[in-house]
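Right, one structure below, let's go through it.
The sequence lines fix the lettering, A, B, ..., with proteins before strands; numbering per chain opens at 1.
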Protein chains: 2
Amino acid sequence: MVELENTFKALGDGNRIRILASLLSRKELCACQIHEWLGVSGATASKHLNILMRVGFIKSRKNGRWVFYSMNSDHRSLQTLVRWLKKEVTTSLELQKDLQGLEKVTACSLIELRRKQRLKASVS
Amino acid sequence: MVELENTFKALGDGNRIRILASLLSRKELCACQIHEWLGVSGATASKHLNILMRVGFIKSRKNGRWVFYSMNSDHRSLQTLVRWLKKEVTTSLELQKDLQGLEKVTACSLIELRRKQRLKASVS
DNA sequence: TTTCTATTTAGTTAGTTAGCTAAATGTCAA
DNA sequence: TTGACATTTAGCTAACTAACTAAATAGAAA
């Protein structure tokens with residue numbers, strides 16, 4: 001029951017729904033891309049990603065310093081829920097418009113993106 | 001998106017999951033039965049029931065002073081989610097054991113139940 | 001080996017929420 | 001009409017949580 005509760009709790013946050021929406025529309029995204037697109041700090045994005053990983057919605061892989069996240073299709077009992085969510089995301093004009101922001105985030109290389117983020121962070 | 005978020009938030013509480021489990025196993029229950037079975041105050045049960053009603057999971061009908069709650073099958077987009085939840089509830093030994101407590105709560109009349117609740121409240 | 005870098009973890013804070021008691025509201029019975 | 005009663009709403013409080021900054025961790029480059 002705690003597992004069930006935590007599954008729904010994980011989904012009960014707008015930014016975590018957005019993360020899943022982004023990973024349902026792109027095969028894989030880097031932590032820095034997700035944090036950029038979400039518009040929150042890297043630390044906050046990391047926390048959200050961890051919650052979604054612990055519940056089993058997403059998985060990650062490392063490539064050197066880079067961490068990539070994607071949907072986890074291994075957790076069988078969640079797939080119906082994920083399919084339902086995907087349908088809701090697909091039919092939401094608001095979320096579809098939100099996802100357009102991913103174009104810009106994924107248009108440059110990760111190195112370039114991080115360079116811009118570090119620059120922006122030093123200004124504030 | 002706020003609607004989606006609120007739907008999951010509504011489910012992100014153990015007692016609200018339990019309420020839905022009880023209404024998935026019994027056609028209809030009275031507010032006082034739910035509050036008795038949940039083991040929380042009437043005020044708290046009422047708040048939880050209101051959240052579930054606002055999101056569309058359940059509906060209510062009044063019979064004099066008595067208020068009865070049941071699953072709401074009118075909200076089409078929630079039905080897949082409810083079916084998934086029902087499956088999770090059915091396969092959870094913990095929740096099935098929890099639901100056994102409904103036998104005792106529904107064994108006596110509503111009037112008898114309320115008489116006992118008022119007696120218990122006056123002792124504390 | 002040292003420095004740089006991407007990410008995660010720790011700690012803090014303001015906002016949110018589940019629990020309770022008391023009061024309010026609506027319905028019934030005398 | 002008044003009093004009893006079932007339920008809901010209001011108000012309070014302790015616990016929880018999303019946001020941030022700073023520190024820690026891990027990996028790469030010089």
Hey, is the side chain of [X] poking within less than 4.0 Å of OP1 or OP2 on [N], counting only N and O atoms?
| X | N | value |
| --- | --- | --- |
| A:Asn15 | D:dA19 | yes |
| B:Arg65 | D:dA4 | no |
| B:Arg114 | D:dC5 | no |

If I take atom [atom1] in residue [X] and atom [atom2] in nucleotide [N], what distance separates them, rounded to the nearest angstrom?
| X | N | atom1 | atom2 | result |
| --- | --- | --- | --- | --- |
| B:Leu49 | D:dT8 | CG | P | 7 Å |
| B:Arg118 | D:dG3 | CZ | C1' | 13 Å |
| B:Phe68 | D:dT8 | CZ | P | 12 Å |

Problem - Outermost DNA chain C nucleotides near chain B [under 4.0 Å, heavy atoms] - result: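 Contact boundaries, 5' end first: C:dT17 to C:dC28.
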Problem - Electrostatic pair A:Glu36:A:Lys116 at N-O distance under 4.0 angstrom - result: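 Here A:Glu36 does not pair with A:Lys116 in a salt bridge, since their nearest N and O are not under 4.0 Å apart.
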Practice task
List, by chain and number, the other hydrophobic cluster members for B:Ile51, where Ile, Leu, Val, Met, Phe, Trp and Tyr join if side-chain heavy atoms come within less than 4.5 Å, directly or indirectly.
Solution key: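 Members besides B:Ile51: none; it forms no cluster.
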Practice task
List, by chain and number, the other hydrophobic cluster members for A:Leu110, where Ile, Leu, Val, Met, Phe, Trp and Tyr join if side-chain heavy atoms come within less than 4.5 Å, directly or indirectly.
Solution key: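 Its cluster mates, by chain and number, are A:Trp66, A:Phe68, A:Ile111.
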Practice task
Look only at the side chain of B:Glu112 and the backbone of B:Ser109, and say whether a donor-acceptor pair between them is shorter than 3.5 Å.
Solution key: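 No; zero donor-acceptor contacts below 3.5 Å.
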Practice task
For B:Arg115, report the nucleic acid contact type (base, sugar-phosphate, nothing); a contact means any heavy atom under 4.0 Å.
Solution key: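 No contact.
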Practice task
Select base, sugar-phosphate, or nothing to describe what B:Tyr69 touches, counting heavy atoms under 4.0 Å on all strands.
Solution key: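 Sugar-phosphate: the residue B:Tyr69, judged by heavy atoms under 4.0 Å, touches backbone atoms but no base.
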Problem - Pair B:Arg114-B:Gln117, side-chain donor/acceptor within less than 3.5 Å - result: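 Result is yes, a qualifying pair exists.
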Exercise for the section: Please name all residues satisfying side-chain hydrogen bond (donor to acceptor under 3.5 Å, both in side chains) with B:Asn6, sequence neighbours left out, ordered by chain then number. Expected result: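 For B:Asn6 there are no side-chain hydrogen bond (donor to acceptor under 3.5 Å, both in side chains) partners, ignoring immediate neighbours.
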Problem - Members of residues 30-48 of chain A that approach DNA chain C, where some heavy atom sits under 4.0 Å away - result: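 Residues of residues 30-48 of chain A under 4.0 Å from DNA chain C: A:Cys30, A:Ala31, A:Cys32, A:Gly42, A:Ala43, A:Ser46, A:Lys47.
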Handout entry: B:Trp84: ring-ring contact (aromatic ring centres under 6.0 Å, His included) partners, not counting sequence neighbours
Key =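 Result, ring-ring contact (aromatic ring centres under 6.0 Å, His included) vs B:Trp84: A:Phe8.
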